[in-house]
Structures are given as C-alpha cells and as structure tokens.
Amino acid sequence: MFRSWTEIRSDFLKTNLKELRSQLPSNCGVISVLKANAYGHGAVEVATALKTDSQAFAVACLSEALTLRQSVPDRDIFILGPSVPTERGDVVKNGFIPTVSSAEEATEYAQYAGSHRIRISVKIDTGMGRIGIWQDDAQAGLEAISRLPAISVHSIATHLPSGDKDPVFSQQQLEWMQKHSDAFRKLFPGVLLHALNSAGILEFPHYAFDLVRPGLALYGIASPRKHQHRLKPVLSWKARVINVRDVNKGRSISYGRTYITSKLSRLATLSVGYADGYPLQLSGSSAYVLIHGHRCPVVGCITMDQTIVDVSEHPTVSPGDEVVLIGEQQAEKITAFDVADWANTIPWEILTRIHRRVRCVFLPLY
Ligand SMILES: *Cc1c(COP(=O)(O)O)cnc(C)c1O
C-alpha cells in the first residue's frame with residue numbers, strides 16, 4: 001500500500017487535447033509541452049499517450065529531451081530553454097530543436113553542422129522578458145541568421161507572459177506577430193510560427209498561427225478558470241489516514257503551536273507532508289482534504305511527512321482510509337487550482353512540486 005500516490009488518467013490527456021483542437025484551425029499542429037516530467041504526470045507515459053495526436057513535443061532542457069527520445073522516435077522535440085554552450089553539440093547530434101535568442105547564439109550552433117543544416121526555433125521577445133530577440137531588433141537579427149548557411153530556421157516563436165490575466169497586452173503581442181508574419185515567411189519560406197500556450201489557446205484560438213504549445217491545459221487545468229468546464233483534470237493525489245485521536249480543548253497541534261483546539265476534537269493524521277510536495281504554505285489556510293466524501297480542514301502546520309486534519313464531524317474515519325488531496329470523492333472535488341489558491345501559488349507549481357517519493361499510478365490499466 002502506498003503512503004501517498006497520484007493517479008493519472010491517460011485517457012483524459014487525449015480528451016483535453018481533442019477539446020483544445022476543436023477550437024483551432026484544422027491545419028494547426030500541436031507541440032505538447034512535457035517539461036518537468038510532464039508537469040509531474042510522467043513524461044514518458046504522457047508522451048506515449050499523446051504521440052498520435054501531437055506533431056511534436058517540448059521540454060525544458062537537453063536532459064529532459066534525452067529522456068523522451070526513445071518514447072517518441074519519430075517526433076520533433078523542442079528544447080524551450082537555452083542550452084549552455086557545452087550542451088549544444090549534443091542538442092545538434094540528437095536532432096533536437098533548440099530555442100535560440102540571438103544571431104550570435106545561432107552562429108555558435110552553426111559550428112556543429114554536419115551534412116544537414118541545423119534546425120532552430122528563434123524566440124522573439126514581445127513582452128515575456130525572459131529570453132529571445134527583442135521585437136524591435138527581430139528583423140535585423142533574423143536577417144543575420146538567414147545569412148548562416150548551416151542554419152535552418154524551423155520556426156519563429158513568441159510567448160505570452162499574461163495570457164490568462166491581461167487580454168489587452170496579449171492581444172498586442174499576437175497582433176505584432178500577425179503583422180510581421182508575412183516578412184518572416186518571406187525571409188524563411190516554409191517557416192512555422194507559434195505563440196500560444198494553454199491560456200492563449202483557450203482565450204485567443206484565432207491567433208493559432210502554425211503550431212500551438214499547450215502545457216497546463218493538456219493536464220486538464222484551465223487558466224483562466226472560466227474555461228475549466230471544458231477540461232478534465234488528469235491527476236488525482238491521494239494519501240491515507242494513519243492515526244486518529246481524540247484531543248481535549250486547549251491542546252497545541254503541530255510545529256510552532258500555531259493551532260490550539262477550541263473544543264474536544266477528533267484529529268486524523270495523514271501520510272503526506274511537505275516533503276511529498278504538499279505545500280507547507282497550506283498551514284493556517286482554509287485548506288481541506290476529502291475523507292469519506294467530506295471536507296476535513298487542515299489544522300496546524302504541515303510537517304515533512306505528516307499532515308493533521310479535523311475529523312470531529314466524521315467519527316467513522318479510521319486508519320487506512322483513503323484521503324483525496326486533489327481529485328474527486330463522492331460529490332466533492334478539489335482541483336490543483338484550489339490547492340494553489342490556498343497556498344498562495346499557481347497550479348503549475350503545485351503539480352510540478354509533487355515529489356518523486358509519491359508513487360505514480362497510470363489509469364486506466366489496460
Ligand atoms: C511552459 C511553456 C509553455 C506551456 O505553458 P502552459 O501555460 O503550461 O500551457 C509554452 N511555451 C513555452 C515557451 C513554455 O515555456
């Protein structure tokens with residue numbers, strides 16, 4: 001029996017991708033974003049589930065790309081973050097598509113060219129402010145890259161920093177891409193343009209260009225939340241009740257003694273803590289878990305391996321019972337977004353922080 005485990009519904013991955021596709025032009029390709037072990041869902045398993053419906057995959061770095069290579073031998077793998085100079089040879093040798101931020105970086109890649117031209121994706125910074133050629137310098141930078149015979153520009157991409165929160169700014173970025181798309185296509189015939197992450201696909205599907213890069217939405221979490229009804233959360237996270245005790249009024253609970261019982265209470269201790277990725281920041285919040293289909297509030301500080309919840313209203317709760325941290329139980333439901341709100345963070349962080357000590361179970365088991 002696992003102390004804490006996640007259950008991954010691979011069939012929902014396909015359902016979510018299909019839902020995203022339903023809003024996109026039929027000739028638009030999908031780059032499924034599998035960085036950080038597919039947002040904690042298991043990169044190899046997710047790639048296997050999505051390979052027939054994805055034109056390509058994307059990861060953060062060379063080592064993640066190498067992990068995927070065997071699972072999807074006939075699909076392009078994009079590396080979304082910059083590779084350090086010592087990695088570039090291996091990026092080229094394995095045929096991964098690196099994200100390049102300047103003509104200088106493209107020139108560095110060019111030295112690894114063999115008989116084939118090296119395919120790169122050029123990032124344009126239209127407001128993300130992380131990597132890429134600043135938009136005002138894009139034309140000059142791209143012209144310089146076009147003079148490198150060893151380089152083939154596979155795609156030109158930009159990224160939305162606020163696709164779920166700032167439609168006006170996002171629209172400006174997408175309009176900029178639109179306005180320059182003819183010039184880009186003229187400079188690099190056959191080049192593919194892409195801009196949309198999950199929020200972009202949900203909010204601005206008419207700016208799909210040639211490819212889209214969904215991450216979070218594949219895993220069934222919608223940001224902005226108003227689109228949640230369209231998606232099915234892929235991951236559930238569970239633990240067990242490992243101890244039940246009756247505790248008198250006035251007793252201190254857990255580290256720091258931040259919670260004092262205000263009445264005779266029945267408390268259950270759960271087999272999950274912050275070392276599993278259950279956020280310490282849930283301590284003192286309005287967080288709850290589901291046991292027997294009931295909401296049971298978290299009390300006191302989350303500890304490394306154990307969490308305490310109040311089950312005073314549910315006297316039949318016993319050691320061994322299943323606890324839902326994220327997912328559904330009877331009529332109740334907790335999403336990664338709920339946990340993120342309680343912990344003052346974002347669902348991407350909640351999912352990617354689930355530790356590898358938490359066992360991953362893939363469903364349905366065929
Ligand atoms: C992570 C990432 C994505 C996917 O983002 P989601 O918001 O999870 O859909 C897309 N593009 C780039 C460049 C990324 O880094």
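Every number for a ligand or one of its atoms is a count from 1 in the order of the listing.
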When you look for heavy atoms under 4.0 Å from ligand 1, do you find them on the side chain of His159, its backbone, both, or neither?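 Side chain only; the backbone of His159 stays clear of ligand 1.
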
Which part of Lys123 is near ligand 1, with near meaning a heavy atom under 4.0 Å away: side chain, backbone, both or neither?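 The side chain, only.
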
For [atom], which protein heavy atom lies nearest, and how many Å away is it?
atom	answer
atom 9 (O) of ligand 1	Ser198 OG, 2.4 Å
atom 11 (N) of ligand 1	Arg213 NE, 2.8 Å
atom 1 (C) of ligand 1	Lys35 NZ, 1.4 Å
atom 7 (O) of ligand 1	Trp348 NE1, 3.3 Å

Might you confirm whether atom OH of Tyr255 has over 12 heavy atoms from other residues, nucleotides or ligands at distances under 6.0 Å?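 No, because the 6.0 Å sphere around OH of Tyr255 holds 12 heavy atoms or fewer from other groups.
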
Quick check on Arg130 - does any of its heavy atoms sit under 4.0 Å from an atom of ligand 1?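 Contact check Arg130 vs ligand 1: positive.
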
Polar proximity ligand 1 side, Gly215 side, N/O cut 3.5 Å exclusive: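 So ligand 1 has an N or O lying under 3.5 Å from an N or O of Gly215.
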
For ligand 1, which is the ligand I care about here, please tell me if Leu216 has any N or O atom under 3.5 Å from one of the ligand's N or O atoms.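 Indeed, backbone or side chain, Leu216 has an N or O that close.
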
Pair Asp210, Arg185 - check salt bridge (Lys or Arg N to Asp or Glu O under 4.0 Å), show working. CA-CA 12 Å; Asp210 304 302; Arg185 293 187 199 283; 3.0 Å; yes

Stepwise side-chain hydrogen bond (donor to acceptor under 3.5 Å, both in side chains) test for Ser155 and His194: CA-CA 7 Å; Ser155 50; His194 47 107; 3.1 Å; yes

I need the atoms of ligand 1 closer than 4.0 Å to a non-hydrogen atom of Leu80, numbered in the order shown.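 By the 4.0 Å cutoff, the relevant atoms are 12 (C), 14 (C), 15 (O).
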
Evaluate the criterion side-chain hydrogen bond (donor to acceptor under 3.5 Å, both in side chains) for residue pair Thr48 and Ser71; output intermediate values, then yes/no. CA-CA 6 Å; Thr48 305; Ser71 319; 5.0 Å; no

When you check the side-chain N and O atoms of Glu143 and Gln139, is any donor under 3.5 Å from an acceptor?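 Yes, side-chain donor-acceptor contact under 3.5 Å.
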
Does the pair His41 and Phe12 meet the rule for a ring pair (Phe, Tyr, Trp, His ring centres under 6.0 Å), with working shown? CA-CA 12 Å; His41 293 61; Phe12 289 171; over 10 Å; no

Between Lys263 and Asp310, is there a side-chain N and carboxylate O pair less than 4.0 Å apart?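 Counted as a salt bridge, because a side-chain N and a carboxylate O are separated by less than 4.0 Å.
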
My understanding is that we take every heavy atom of each candidate and find the minimum distance to atom 4 (C) of ligand 1. Doing that for Phe78, Tyr39, Tyr219, which one comes out nearest?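 Ranked by closest heavy atom to atom 4 (C) of ligand 1, first place is Tyr39.
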
Roughly how far, to the nearest 0.5 Å, is the CD atom of Glu7 from the CH2 atom of Trp237?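 Interatomic distance, Trp237 CH2 to Glu7 CD, rounded to 0.5 Å: 13.5 Å.
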
